[in-house]
Amino acid sequence: MRIGDLSDGELARQVRARPGLDVRIGPFLVNLRLGLCEPLPLLQRMWHDYPLEPSAGIRDFHVSLDHNGWLRRWWRPQARFTVDGRSPFQPLAAAHHFPMLEWGLNWCVARRGHHLLMLHAAVLERGGRALILPGAPGAGKSTLCTALAHRGWRLLSDEFALVCPQYGRLLPLPRPIPLKNGSIGVIRDFAPEAEIGPAFTGTRKGTVAHVRPPSAAVARMDEPATPGWLVFPRWQAGADTQLEPLSRSDAFLLVASNAFNYELLGETGFITAARLVERCGCHTLSYSNLDEAIVRLGALAEAAA
Amino acid sequence: MSRRMAESRRAAALLVAALRAPERLPTLADEDWDLLLRIARHARLLGRLDADLGTLGLHARVPERVCHHLESARQQVAYRQRLLTWEVDRVLRALEGLDVQVVALKGVAYVLTGVPAARGRMFADVDLLVPMAALEPLEQRLHARGWLSLGHSEYDERYYRDWMHEIPPLRHAERDNEIDIHHRLLPRTSRFHFDPAPLFTASQALDGHGALRVLGAPDMVLHAVVHLFLEGDAREGLRLRDLVDVWDLIRHFEARTGFWDALLDRAEQLGLQRPLFHALRQAQSLFALEPPAHCRARLAGWGPVAPVRWLMDRLVPLALFPDHAGRAPLRVRLARLALYVRAHWLRMPSGLLLRHLGYKGWLRVRGWLMTGREEAARR
């Protein structure tokens, strides 16, 4: 059973009562409780395809979103995110409920997932092989990732490349993709079929709107992918589309500096990152035109097939 | 009993059972693991459970999802240990040529001496003890080599220098690790305050670590005891991990002949009989740590009067365990508050305490007013 199969009333009831809603998101089992009902309609849309795990015993994170005390329910309303009863960050304006929940989950994964090497990267798959797009903020990673996810690539993740140290495979974590500011309009024009949620204005990252992860991507979230390509994208206004090879040593340094826990994992981090780079074709991509970029990346996949 | 209290008791019982008998963890039901993972993480003891399971070779017999959390904790512990022992190495290098005894305390000392208390132990900062007279040249040297003082205000500086047992924390400009330099184990204002000179005399050199030393075995235990009862935190309560340190250290050192007598003699010499009494009583009731028969009469004489003992027996077990989820039950919060007030009461004379709490209260009010103003400005 998926979240989308629950009626509005049933979802509201489960998420408010004990023990809460047990949902699987990629490799993680999340227990969710909501003390405020504002995020529910969007949650139902964005988390539509996640399977429910009603008999889950062991959950990875127990998260909740509540009013920040009785006073802040009415006066300048604030909401508070907690994981296992602790708030990892300051309460935010209650109007930013859904982005806060998503950021909170990012925090959980980044702080708790040290059994995996975690890169700050988008990951997509074609023909069983993963395209990893590590990206500094502003490099256009989310935009490119959303575009690819609507042009024949399977979305694994927009934020985390989860690499298994043992086999080097990439684990899917398909989540709503937060588009920021200008990219919202770009994707609306580029992929009208993409389901985009309401825009939240005035968040710490500006205006944010979420794209629902494609149902097929969520349905296949238990299928890992083997490393295929490491492409470091850079969006630049007016730039020609250029896909250029990158040396493995440069790629390694970029991967290490783009990871959430490369340093923390020590030797395991080094070996896992090195193997990943060895198995990938490494490139840089500068682009301004999404269609052209997608053609070039598609050619990579076809050449390998 | 409220549902919350009942669950909180169940979580505490699970954690104690896991620490005492890790060999029984493979039989744990999933719902119990769910609770145990949370409380062990909050008590910073997840790495410890992982280490015990590893020694017993039982990882293959616990659920896979649990293994991920254990592996994650193992990586974090290894990282912190690597980072902080390297920081100690850098400090020693910076102090080369300076004739000063540097004694490693707590986590760093456990790791460098390799005692079982080090296994899976998470630590947040580096604690070092140096003679008061050596502070000035030492601070100068560390400042010159890039460590910066984190004492923010003049009040902080005075608080540390005049009243406390350590100088404001230091941090190297290029790294993120905090170093606490102590010149004694307890604040100067504390009721249990004692002259730290004998600690240096009894300290021992560490092979392969240059000028670095560690406390003698009885002093190491007594420092863990002091940390347990006199470093209170109103929100967190007492730290179970400190009691686990006491338990681990004693179990390790008691194999040495005469250790228990040396421990009791030392407690008497330093005036720490009462805290040791309380710590051993808790270690006995939670972990079945039994002092040898010939020490019991002497220990029994160190307890407080019956009503206080009754009260401590009820408050301490409530305050020792962190909440596994959300808000703690009311009586747990009251126990924590009572022990926090007690710790502060023992830490400072009442006049000074009022002044200090008044100042901290004012900072909170001011902070609150300022956030209000910032919010209004953003509007």
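In what follows, every chain begins at residue 1, and chains take the letters A, B, ... in the order their sequences are listed. If you're wondering where the values come from, they're calculated on a predicted model, not measured in any experiment.
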Is the ring pair A/Phe61/B/His69 parallel, tilted or perpendicular, if the boundaries are 30 and 60 degrees? perpendicular
Minimum heavy-atom separation for A/Leu264 and B/Tyr79, please, with both atom names. CA-CD1, 3.4 Å
Are the side chain of B/His42 and the backbone N or O of A/Asp84 linked by a donor-acceptor pair below 3.5 Å? yes
I need the residue from B/Gln76, B/Arg74, B/Arg80 with the largest number of non-hydrogen atom pairs under 4.5 Å to chain A. B/Gln76
When rounded to the nearest 0.5 angstrom, what distance separates CD1 in A/Ile58 from CG in B/Asp32? 10.0 Å
With a 4.5 angstrom heavy-atom cut-off, which part of B/Leu36 approaches chain A: side chain, backbone, both or neither? neither
Nearest 0.5 Å, what's the NE2-NE2 distance between B/His68 and A/His115? 4.5 Å
Measure the shortest side-chain to side-chain distance between B/Asp323 and A/Arg86 over non-hydrogen atoms and say whether it is less than 4.5 angstrom. yes
Closest heavy-atom pair and its distance - B/Glu31, A/Gly57: OE2-CA, 4.2 Å
Below 4.5 Å from any heavy atom of chain A, which atoms of B/Leu83 appear? Answer side chain, backbone, both or neither. side chain
Under the side chain to side chain donor-acceptor pair (under 3.5 Å) test, which residues partner A/Ser87, sequence neighbours left out? A/Arg80
What part of A/Leu29 lies closer than 4.5 angstrom to a heavy atom of chain B: side chain, backbone, both or neither? both
Should the heavy atoms of other residues, nucleotides or ligands under 6.0 Å from CD of A/Gln90 be counted, would the total exceed 12? no
Quick check: are there more than 12 heavy atoms from other residues, nucleotides or ligands sitting under 6.0 Å from CZ of A/Arg275? no
Toward chain A: residues of residues 48-65 of chain B with heavy atoms under 4.5 Å: B/Pro63, B/Arg65
Applying salt bridge (Lys or Arg N to Asp or Glu O under 4.0 Å) to B/Arg38 and not counting sequence neighbours gives B/Asp34
Under 6.0 Å from the CZ atom of A/Arg111, do we count more than 12 heavy atoms belonging to anything else shown? no
side-chain hydrogen bond (donor to acceptor under 3.5 Å, both in side chains) contacts in which one or both residues fall within residues 82-91 of chain B, not counting sequence neighbours: B/Glu87-B/Trp147, B/Glu87-B/Arg175, B/Glu87-B/Asn177
Does any backbone or side-chain atom of B/Arg41 lie under 4.5 Å from a heavy atom of chain A? Answer side chain, backbone, both or neither. side chain
Has A/Glu263 got more than 12 heavy atoms of other residues, nucleotides or ligands less than 6.0 Å from its CD? no
Step through the shown structure and confirm whether more than 12 heavy atoms of other residues, nucleotides or ligands are within 6.0 Å of CZ on A/Phe270. no
